[in-house]
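All remarks here apply to the structure that follows.
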Amino acid sequence: MSSTVVMKFGGTSVADAGRLKGAAARIVAKREAGHRVVAVLSARGKETDRLIADAQEVSPHPDPREMDMLLSTGERVSCALCAMAINDLGHRAISLTGSQAGIVTDTSHTKARILDVRADRIMSALDDDSIVLVAGFQGVSTAKDVTTLGRGGSDTTAVALAAAVGADVCEIYTDVAGVFSADPRIVPDARKLAVVSFDEMLEMSASGAGVLQLRSVEYARNHGVRIHCRSSFEDAPGTVIVSEEETVEHPLITAVTHSTGEARVTLLGVPDTPGIAGRVTTALADANVNIDMIIQNEPVSEGARADMSFTVPRDDVTAAQIALDPIASEHGISVVADPAMGKVSIVGAGMKSHPGVAAKVFRTLGEQEINIEMISTSSIRISCVVQGDRVPDAVRALHSAFELAGPDTIRPEQPFGEFA
Ligand code: ASP
Ligand code: MG
């Protein structure tokens with residue numbers, strides 16, 4: 001049986017009629033090369049942002065179920081239009097909603113997780129020699145409601161389908177040429193990486209690289225799906241994401257990533273008793289707020305109170321404050337939010353076996369007079385929270401200190417919309 005390929009096109013790759021036809025032509029070329037093709041499309045251009053703005057115009061806190069009904073339309077439009085274009089190229093194509101494609105999720109509206117992919121409808125369409133177009137970013141919940149998978153969720157749709165249909169590769173077509181050693185908008189001589197391991201990519205996505213949704217990388221690692229992240233505007237190979245065993249080189253540092261969307265929440269005067277940290281984090285988890293770094297200092301004297309800080313996505317600050325309100329008033333804790341924070345991280349599988357990497361990071365930031373407010377590490381990542389306006393300087397300094405620039409630099413005329 002011929003091989004199956006999943007091709008995912010991001011919003012800028014289908015933004016107007018010309019680009020949509022370009023995506024249709026690429027899909028058809030893949031079919032004509034003998035592959036069975038499942039294509040996943042994002043909403044066109046800034047359509048999802050527009051829909052969110054529409055909702056906010058009529059309701060300050062839109063009902064999440066209705067939000068999903070609304071947001072899921074963007075991807076359907078892309079797929080229906082692309083199917084029309086493919087049919088005109090002489091091939092049979094059918095478009096499916098996430099629900100029709102058998103993507104079953106939990107009931108967590110606007111941030112749903114995929115529980116199962118029942119791909120029989122896709123399989124029979126492929127057996128019928130059709131090209132199958134699936135609306136990204138959506139599914140149907142176990143309560144039979146339409147759900148969406150969180151911003152950037154079409155990547156996860158593509159990977160989940162690739163796993164379900166046993167695709168050879170999940171190709172992510174985007175408006176950047178691949179995964180870079182840093183955001184090329186900040187570091188013009190950032191290098192395109194040929195190969196990145198799942199573990200490195202997970203750390204990169206989690207620490208700000210916008211090129212792939214974090215959950216898609218998690219899903220790919222768990223199911224062994226090979227991802228090829230490449231430009232939809234040129235034919236050059238992009239970046240392949242594979243298991244660590246398949247990577248040949250193990251550079252000390254692979255990339256510098258950053259995020260400017262961080263906020264710090266500090267709890268002042270937390271009683272030093274067992275169970276408080278658990279209650280704070282449970283309240284946040286129940287409100288679906290993802291916390292990242294956590295710091296707690298132990299009180300210096302017996303009976304004194306402690307301070308606890310953590311970072312959350314800036315958009316979740318209000319939700320975090322509301323969630324903490326009951327505990328704060330019960331225990332006389334004051335909650336302070338500092339919304340203008342950023343984070344810079346270095347990621348590299350090679351740092352596992354090399355001492356001195358952290359020292360070099362802190363020295364480099366110190367030389368730039370950049371104050372480090374919080375630090376967290378994993379075995380292959382070091383992250384520092386800094387003031388948001390110092391993030392670009394921090395990224396450039398670390399990229400140059402670790403000599404990550406390379407010959408494979410990006411052409412200036414390329415747009416970078418989906419990198420962020
Ligand atoms: N359209 C959705 C978004 O803008 C999903 C996606 O493009 O992956 O986040
Ligand atoms: Mg994306």
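Ligands are counted one by one from 1 in listed order, and the atoms in each one are counted from 1 as well.
Note: an N/O pair closer than 3.5 Å links Glu75 and ligand 1 by distance alone. Residue Phe137 has no nitrogen or oxygen atom sitting less than 3.5 Å from a nitrogen or oxygen atom of ligand 1, judged on distance alone.
When the shell of 6.0 Å around NZ of Lys21 is examined, it contains 12 or fewer heavy atoms from other residues, nucleotides or ligands.
At least one heavy atom of Gly153 sits less than 4.0 Å from an atom of ligand 1. Residue contacts with ligand 1 include Gly152, since one of its heavy atoms falls under 4.0 Å from the ligand.
The pair Asp145-Arg65 meets the salt-bridge criterion, since a charged nitrogen lies less than 4.0 angstrom from a carboxylate oxygen. The residues Glu369 and Arg390 are annotated as not salt-bridged, no charged nitrogen and carboxylate oxygen being separated by less than 4.0 angstrom.
Distances below 4.0 Å separate heavy atoms of Ser42 from the following atoms of ligand 1: 6 (C), 7 (O), 8 (O). In the vicinity of Ser154, heavy-atom distances shorter than 4.0 Å reach the ligand 1 atoms 5 (C), 6 (C), 7 (O), 8 (O).
Side chain of Thr282 to main chain of Gly278: a donor-acceptor pair is present (N/O by atom type, distance under 3.5 Å, no hydrogens or angles). Checking side-chain atoms of Lys8 against main-chain N and O of Ser154 turns up no donor-acceptor pair under 3.5 Å.
Between Met123 and Arg36 the shortest side-chain heavy-atom distance falls below 4.5 Å.
The residue among Arg151, Gln213, Lys46 with a heavy atom at the shortest distance from atom 3 (C) of ligand 1 is Arg151.
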